Amino acid sequence: MLKAPSPRALVLLACLLALFVALPFFVGPYGLKFATRLIVISIFVVSLDFLLGLGGLVSFGHAAFFGVGAYAVYFISSDEGAANAFLALGAGVGLAAVCALAIGAFACLTRGFYFIMVTLAAGQMMFSLFHDTDIAKGSDGAYINIKPDVTIAGHTLLDFDDRRSFFYVCLFFLIVALLALFWLARTPFGRIVQGLKANDARLSALGYDVYRAKLAAFVVSGAVAGLAGALFACIDGFVTPDLFAWRQSGLAIMMVVLGGAGTLFGPILGALAYISLEEALKTASLVGDFVSAHWRLGTGLTLVIAVLLSPDGLAGFLRAAPRVSRRTRAAPSRPPAAARKASTLATRTLSKTFGGLRAVDDVTVSFAPDLVHAIIGPNGAGKTTFTNLLSGALKPSAGEVLVDGKNVAGMPAHTIARRGVGRSFQRTNIFGAFTVEENCRLAAQAAHPAILRFVDARRSEDDATIAYALDVVGLSDRADALAGAMSNGEQRQLEIAMLIASGGSILVLDEPLAGMGPEETRRVVDLLRDLRRNHTIVLIEHDMDAVFAVADTLTVLALGRLIAHGSPDEVRRNGEVISAYLGGHAPQEAGA
């Protein structure tokens, strides 16, 4: 998750701030205008980094909100007098947020390449709207003849026509935007946004509404971009449809990557480096006529070299060396809160077809609380498809999934998770870029999965829950380790710890022992025995020794059909089961 800037980064940012504060006293009008433009563009790219660097959502139409913010100032201004500066900037933020909400409502239904295409199309639509119509002077652009100001009782306190005053206003808003987004990234909402980039499938399985989280991040990012656009319109008092062009979005993405995506402060360095480099290469008196005539070539080569030297951007040069945490944890011996009552899970004529293939065929079974129920069967029996139906990852073709008697079949995965159904995956599914503790914190937060939550009111309670979850799976001493760097067995243990921390009463575990050594397997088997006291556990596992050691009931699937369900002794004596799967684990007849 987002960490505080290193001491070296803080020193550099402090020096840059001091430089910009003193700059108006040493440069002329052109230099001041150039610095103001750089600051405004920095606000724009910081807003994009919140969406792209932290949320993993690549918006190729982000300039749409920048342009809307700029045109909002034009709409709010008149030729009779100056508009109120606060009203003008507020209009830019508000109109951009509304546009982000409208565009995001469709864009956030998609992901990956399709998300990029939808945002690109939306940006081009906005460009065409302002370029091809007379809504704001069309392709010629429009002038803001009287720039906004702040006037009280006939006294002008702030005039955007005063370049020095306006420069400091822009610098102030850059600082506010950076600190506000940094604070937001450290809130429960910010953790969810960063979870989108790390693993949105796991986020949904924990009970978070991924669509709403994407949309909220999209609107926040768009609103800040609107602020940047409103300020940009006040630099020259001129707005043009080119502000919406996809090239502006592309340049913003490039500055974010150049500076260091996911750091918030890095894009400021990227904007400073790119805009300064472009300005220098365009100046013939500095680089000569040939270079200035081919400045794009020089810019491209410089950027390629910069990326090769530091794939993490300019901020990568300022990263602090990793430190080994020396904090100790008091491992609680019992849950920090009252144990949650286990729930009953059942299916009724549950089926799933893929074309002509019936992966799950009319399965009716019940899993009682406070027991470990193992599902076994040969490869291709439909076990994983069955668990996907239980957890909402797939919608059934027919039948019901009942949690305490209520049908949840067909509900989204996050809705079923909120009913108490937590699941692990056949392939380890964690937030690999987060630490072990951060994984469990996001899981613990899922007990109250409201998206727009900005205060850690349950911090102490979550701390106790996390400590307990890590203790029972044996990862207390690995709390500060990077989850993606751990062994496969430890990652499996972490996945179970996340389910415990999330407070689920029904645990659907898909091959949790895969990749574990004998000692790790024994630990997890003991853990499952302990967890069944207040959980309903549905276990898919190929380690038959572990299955018979821990399971209270066995459910056997073959070719998607239920062929046996009962106690381990009953099932292992079933002739159909013996022929389908168990083989050497079946009891031998006396004298055989």
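This one's a predicted model, so the numbers in the text were calculated from it and none came from an experiment.
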* Measuring from Leu57:CG to Lys197:NZ, what's the distance to the nearest 0.5 Å? ->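 Result: 10.5 Å between the selected atoms.
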* Any chance you could measure Cys99, atom SG, to Phe65, atom CZ, to the nearest 0.5 Å? =>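 It comes to 7.5 Å.
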If only atom types and distance count, is the side chain of [X] paired as donor or acceptor with the main-chain N or O of [Y] below 3.5 Å?
{"X": "Thr263", "Y": "Gly266", "answer": "yes"}
{"X": "Gln491", "Y": "Met486", "answer": "yes"}
{"X": "Lys147", "Y": "Cys234", "answer": "yes"}
{"X": "Gln194", "Y": "Leu2", "answer": "yes"}
{"X": "Tyr208", "Y": "Gly195", "answer": "no"}
{"X": "Asp209", "Y": "Tyr211", "answer": "yes"}
{"X": "Tyr274", "Y": "Leu269", "answer": "no"}

* Asked: How are the rings of Phe130 and Tyr71 set relative to one another: parallel (under 30°), tilted (30 to 60°) or perpendicular (over 60°)?
  ->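 Rings of Phe130 and Tyr71: tilted, 30 to 60°.
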* **Intermediate values then yes/no, side-chain hydrogen bond (donor to acceptor under 3.5 Å, both in side chains), Thr151 and Asp149** => CA-CA 6 Å; Thr151 301; Asp149 63 18; 3.3 Å; yes
Check whether any side-chain heavy atom of [X] sits under 4.5 Å from a side-chain heavy atom of [Y], and report yes or no.
{"X": "Phe244", "Y": "Ser128", "answer": "no"}
{"X": "Val239", "Y": "Val73", "answer": "no"}
{"X": "Arg202", "Y": "Asn439", "answer": "no"}
{"X": "Ser78", "Y": "Ile146", "answer": "no"}

Non-hydrogen atoms of [X] and [Y] that approach each other most closely:
{"X": "Phe127", "Y": "Ala245", "result": "CD1-N, 4.3 Å"}
{"X": "Ala4", "Y": "Phe182", "result": "CA-CZ, 3.7 Å"}
{"X": "Leu120", "Y": "Trp246", "result": "CD1-CB, 3.5 Å"}
{"X": "Gln248", "Y": "Ala63", "result": "CB-CB, 3.7 Å"}
{"X": "Ala100", "Y": "Val219", "result": "CB-CA, 3.9 Å"}

* Arg453-His448 side chain donor-acceptor pair, cut-off 3.5 Å ->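 No, because no side-chain N or O of Arg453 sits under 3.5 Å from a partner of the opposite role on His448.
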* To do: Could you walk me through whether Leu277 and Thr299 pass side-chain contact (heavy atoms from CB on, under 4.5 Å), step by step?
  => CA-CA 7 Å; Leu277 175 65; Thr299 302; 4.3 Å; yes
* salt bridge (charged side-chain N to carboxylate O under 4.0 Å, His left out) assessment of Arg296 paired with Glu278 -> CA-CA 8 Å; Arg296 289 186 177 86; Glu278 179 183 308; over 6 Å; no
Show the atom names and distances, to 0.1 Å, of all donor-acceptor pairs under 3.5 Å that link a side chain in residues 134-145 to residues at least two apart or in another chain.
residue, atom, partner, partner atom, Å
Asn145, ND2, Asp79, OD1, 2.7

* Pick one: which of Asp463, Thr465, Asp462 meets side chain to side chain donor-acceptor pair (under 3.5 Å) with Arg441? ->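 Of Asp463, Thr465, Asp462, side chain to side chain donor-acceptor pair (under 3.5 Å) with Arg441 is met by Asp463 alone.
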Taking distance alone, no hydrogens or angles, what donor-acceptor pairs closer than 3.5 Å link side-chain atoms of residues 221-228 to residues at least two apart or in another chain?
residue, atom, partner, partner atom, Å
Ser221, OG, Ser47, O, 2.6
Ser221, OG, His62, NE2, 3.3

* Output all residues satisfying side-chain hydrogen bond (donor to acceptor under 3.5 Å, both in side chains) with Ser487, sequence neighbours left out; order by chain, then residue number. =>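 If we apply the side-chain hydrogen bond (donor to acceptor under 3.5 Å, both in side chains) test to Ser487, skipping adjacent residues, the hits are Glu490.
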* Apply the test salt bridge (charged side-chain N to carboxylate O under 4.0 Å, His left out) to residues Glu461 and Arg458: give CA-CA distance (whole Å), side-chain angles for both, the deciding distance (0.1 Å), then the verdict. => CA-CA 5 Å; Glu461 181 182 338; Arg458 303 173 60 253; 3.0 Å; yes
* Given salt bridge (charged side-chain N to carboxylate O under 4.0 Å, His left out), test Glu437 with Arg191 step by step and report yes or no. => CA-CA 12 Å; Glu437 181 185 30; Arg191 286 197 288 269; over 6 Å; no
